[in-house]
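What follows is one structure encoded as structure tokens, with my remarks underneath.
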Amino acid sequence: MHLEEFWSDVTLEKENGASIENIKAFEDKNKIKLPELYRKLLLVADGGISQLELELNGRRHGLPFYNSVAELAVVSLDDSDDQVLINRLVIIADEGVMIHGLNFDIEVPSVIYLDDSGKYYKISDSFEGYLNMLRMEIPEIPEETNKAIAQNDLAEIQRLIDKNGIGWRDRYGFSFSELAGAMGALDSLKFLIDKGISLNGVKELAVQNKRLNIIEYLDEITKNKNI
């Protein structure tokens, strides 16, 4: 994989690469050495949007935002009982409650994934192995579901729910609501929310596909819940 293939066109157009001086300053401050391939990615673009996806536990996860050098920090990862799971973790991609990080508790840092339930997985023994797991393929969406959601055909969506159940997922693991978020189908998403569907993963896909209407609506829901 060419390093430029990792970053989206939007990132390459807007972001300059990090300076080697800033990378070394972060490493010296925290007494660590970032993986060589990760350093090279930062030299191409200092954080931004990736165009690659990760397949994990039968689902494909978009990886939209990677941190710049200025946003990197060494933190600890604790469980719900405040027991330390990882002492030295560098978060390389942060999607709110879901993160990708480098575990520096071991000599060759592994890559971990923290999901939205707070559970974390080691997904690769190295950053190079992590890169090899990423794919550019876009999953195919069943035509009838694709069409119904994209066209905000609420009657057809109801028929599909009656046929398959509200918890239906396609063979790539995407739910009705995730597909609506990915396609920017706001009326479909509102309809699904009224049906009580989970919003897990929706904003992640909306961000990846630049669906600003979905992002703004989800932010508004969150804001109103906090009032």
Side-chain angles (χ1 to χ4, degrees), residues 1-12 15 17-18 20 22-24 26-79 84-139 171-174 178 200-201 204-205 207-208:
M1 180 186 75
H2 295 293
L3 297 178
E4 289 80 2
E5 294 176 356
F6 178 87
W7 299 111
S8 69
D9 291 340
V10 172
T11 294
L12 293 176
E15 299 293 338
I20 191 65
N22 286 345
I23 293 174
K24 287 181 177 178
F26 171 78
E27 293 176 327
D28 292 345
K29 176 183 177 181
N30 294 284
K31 296 181 173 58
I32 61 173
K33 179 67 179 294
L34 296 173
E36 190 60 32
L37 276 175
Y38 181 49
R39 295 168 106 242
K40 289 180 178 179
L41 281 176
L42 290 171
L43 290 171
V44 173
D46 190 9
I49 303 171
S50 172
Q51 64 177 343
L52 303 183
E53 296 178 326
L54 171 72
E55 186 169 329
L56 183 65
N57 296 333
R59 293 189 60 195
R60 296 180 71 92
H61 298 260
L63 307 179
F65 291 113
Y66 280 78
N67 291 334
S68 66
V69 174
E71 294 169 322
L72 295 179
V74 177
V75 299
S76 65
L77 178 64
D78 303 339
D79 64 15
V84 177
L85 302 175
I86 299 176
N87 285 291
R88 299 201 305 160
L89 177 71
V90 174
I91 298 172
I92 58 176
D94 188 343
E95 302 170 23
V97 294
M98 294 174 285
I99 65 172
H100 300 251
L102 293 166
N103 178 7
F104 278 90
D105 281 355
I106 52 181
E107 183 175 354
V108 177
S110 61
V111 181
I112 68 103
Y113 174 79
L114 179 71
D115 67 18
D116 53 3
S117 71
K119 184 176 180 179
Y120 89 93
Y121 313 84
K122 183 181 80 170
I123 56 178
S124 178
D125 290 326
S126 68
F127 188 77
E128 181 178 2
Y130 170 75
L131 289 184
N132 290 333
M133 295 171 67
L134 305 183
R135 299 290 182 267
M136 292 184 66
E137 290 85 355
I138 303 298
R171 65 192 180 100
Y172 295 99
F174 291 107
E178 287 176 310
N200 286 346
E204 175 184 357
L205 288 167
V207 170
Q208 180 185 351

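All residue numbers refer to positions in the sequence shown, counting from 1.
No side-chain heavy atom of L131 sits less than 4.5 Å from a side-chain heavy atom of E128. A 4.5 Å side-chain heavy-atom check between I23 and E27 finds at least one atom pair inside the cut-off. Residues L102 and V111 are in side-chain contact: their nearest non-hydrogen atoms beyond the backbone lie under 4.5 Å apart. Between P35 and P109, the closest side-chain pair of non-hydrogen atoms falls below 4.5 Å. Contact of the N22 side chain with the D46 side chain is not registered, since no non-hydrogen atoms from C-beta on lie closer than 4.5 Å. Using a 4.5 Å heavy-atom cutoff, the side chains of V108 and F127 are not in contact.
Atom-to-atom distance recorded for L37:CG and F6:CZ is 11.0 Å, nearest 0.5 angstrom. Atom CG of N132 and atom OG of S126 lie 7.5 Å apart (nearest 0.5 Å). The CG atom of L43 lies 11.0 Å from the OH atom of Y38; values are rounded to the nearest 0.5 Å. Here the CZ-CD1 distance, from F104 to I32, works out to 4.0 Å after rounding to the nearest 0.5 Å. The CG atom of L77 lies 6.0 Å from the CG atom of L89; values are rounded to the nearest 0.5 Å. Note that the CG atom of N67 and the CG atom of L72 stand 6.0 Å from one another [nearest 0.5 Å].
In terms of the salt bridge (charged side-chain N to carboxylate O under 4.0 Å, His left out) criterion, residue partners of D125 (sequence neighbours excluded) are, by chain and number, K122. For N87, the side chain to side chain contact (heavy atoms under 4.5 Å, CB included) test picks out V84, D105, with sequence neighbours left out. Taking R88 as the reference, nothing meets the salt bridge (charged side-chain N to carboxylate O under 4.0 Å, His left out) condition, with sequence neighbours excluded.
Closest of all the heavy-atom pairs between E178 and G201 is OE2-CA, 3.6 Å. The shortest non-hydrogen separation linking L34 to F26 is CD2-CE2, 4.1 Å.
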Discussion item. Using the rule given for side-chain contact (heavy atoms from CB on, under 4.5 Å), can you reason through L42 versus Y66, listing the C-alpha separation, both sets of side-chain angles and the distance that settles it, and then say yes or no?
Written reply: CA-CA 10 Å; L42 290 171; Y66 280 78; over 6 Å; no
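Counting non-hydrogen atoms of neighbouring residues, nucleotides and ligands closer than 6.0 angstrom, the CD atom of E71 exceeds 12 such neighbours.
A salt bridge links R39 to E36: one of the charged nitrogens lies within less than 4.0 Å of a carboxylate oxygen.
Of the possible donor and acceptor atoms, none in the side chain of N103 sits under 3.5 Å from a partner among the backbone N and O of I112.
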